[in-house]
Amino acid sequence: MTLTYTLTEENVLRLEYSATTDQATPINFTNHAYFNLAGGTGDSKSYELMINADKYTVADDKLIPREKLPQ
C-alpha cells in the first residue's frame, strides 16, 4: 500500500492511495489525519465544523452511534 501526499500549486492537498495484492482483496482506505489549520502547535478540538446535511448520525460521549436522531 502506498499513500502519496501532494500539495498542488493551487494549495490543494491531494491524497493518492494505491495498493497491489497477490489475490483478490477487499480494501477500504481511510485517513484520520488532523491538521492545525491555524499553524503552530495545539490540537483540533477547538475547531467548529458545519456539515450541510439534512440528516446525520448522533454519537454518545464514547462515539458510539445512537439509534434515534434528534427531533
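Because the structure is predicted, anything quoted here is derived from the model rather than measured. All values below were derived from every heavy atom in this structure, side-chain atoms included, with hydrogens, water molecules and symmetry-related copies excluded.
Between the side chain of T8 and the main chain of E10, a donor-acceptor pair closer than 3.5 Å is present.
A chain of hydrophobic side-chain contacts below 4.5 Å, direct or via other Ile, Leu, Val, Met, Phe, Trp or Tyr residues, connects L15 to M1. One hydrophobic cluster, built from ILVMFWY side chains closer than 4.5 Å, holds both F29 and L13.
One finds the OH atom of Y17 at 10.0 Å from the CG atom of N28 (value rounded to the nearest 0.5 Å).
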